[in-house]
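Heads up, the thing below is written out as structure tokens.
As a basis for the values below, the full set of heavy atoms in this structure was taken, side chains included, without hydrogen atoms, waters or symmetry mates. Whatever order the structure lists them in is the order used to number ligands and atoms, beginning at 1.
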Amino acid sequence: MEYSAMPSTDMPLEPAPSGSQLTEIIAALQGGRTFLLTAHSRPDGDAIGSIAGLARSLRKAGKSVDIILRDPPPENFRFLLQDEQMYTPENLPRAYDAIIVLDSSTLSFTGYQDFLSESSFLLIDIDHHSSNELYGDLNFLDRGACSTCEMVLHLIRQAGFPLDPEVAEPLFLGLMTDTRFFQNENMRASAYHTGGLLVETGLKTAEILSRLNRSRKLPELRLLGLGLSRFQLHQNGKMASLVLSSDDLAACGARLEHVWSCGLFSQPIALEGVIVGVTILQDPAGKVFCEFRSNSGFDVKEIAVSFGGGGHLAASGCNREGPLAEMSREVIDRVESSLTAWLKRSA
Ligand SMILES: [Mn+2]
């Protein structure tokens, strides 16, 4: 296919934030031929969507793109990477002009820290997490972007790379899932504008929305039911906590990925009066995962970072090694004391 990079004459979604190296990144992508894409471990819709969207656009521009992912895509999003050969750092078929890490706040979050930090290829970091550590040789960090998919769309348009319904499809999925269908608080106009630009490509949204809304798996609904029946309230109903053991998961026939795809984390903060919710779960290998969600501007990223994790102000997570009871007590105590301090400050 004949392709020439023509800068888009349309207005950009947003000017690139100061300090970001978008111009240099675009030059590297336009000048390069071979790229390796990756994203964070336990990939979500935004991670899979931004990888698939950028990969499709770069391939349509005549580039070679390979993908490595530490964990397989969740079942719901797997169709976006169908027929995709998945590589590991040990069996990569070629050298790369750049490695592009999407939607990952740290190198270790990719699960490939050693490979990425030792690799001699140009490392490009494209992300919207406010805890991003600017680990790339080139970094495009936009903390105000609703999703990494919004940033990839911005990049594709700025670079003049191909944008059609096939490229728009995964980006739309990431937009929908990372904004919780436009329910996040305080999003920029560019979040909504992103949806319009993707639909303008001719993208038919019905099939994707149906996949997202009518493809729940039984273990997901069972887990959701168990979680909703079990969460505890603290601090006069301003905080909710839920602890799920590996036995609980087994009782629902659920694997770890079902916990992330079942929508449980945001349920307790939908209860009137709840400001912060924490869900703590143990995988069959004994690893303990903590997910924090908040509203009203209460910062849960701070809490996640204090336990070695990261994320966004209103949605963050961390993982820990140790006995479930002890680990969860410590995390719940930390959330309670942060909330007490926050309530005092905002009184
Ligand atoms: Mn994201």
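- The aromatic rings of His129 and His312 sit parallel, their planes meeting at an angle under 30°, below the 60° perpendicular limit.
- Of the possible polar contacts, one joining the Ser57 side chain to the Pro162 backbone as a donor-acceptor pair under 3.5 Å is found.
- The stretch residues 48-70 participates, sequence neighbours left out, in no ring pair (Phe, Tyr, Trp, His ring centres under 6.0 Å) pair at all.
- Shown here are the protein N/O/S atoms lying under 2.8 Å from the Mn ion (ligand 1), water excluded: Asp46 OD2, Asp103 OD1, His128 NE2, Asp178 OD2.
- Ring-plane geometry between Phe109 and His40 is classed as parallel, the angle between the planes falling under 30 degrees on a 0 to 90 degree scale with a further cut at 60.
- The stretch residues 312-322 participates, sequence neighbours left out, in these salt bridge (Lys or Arg N to Asp or Glu O under 4.0 Å) pairs: Arg320-Glu330.
- Within the structure, salt bridge (Lys or Arg N to Asp or Glu O under 4.0 Å) contacts touching residues 96-118 (residues at least two apart or in different chains) do not occur.
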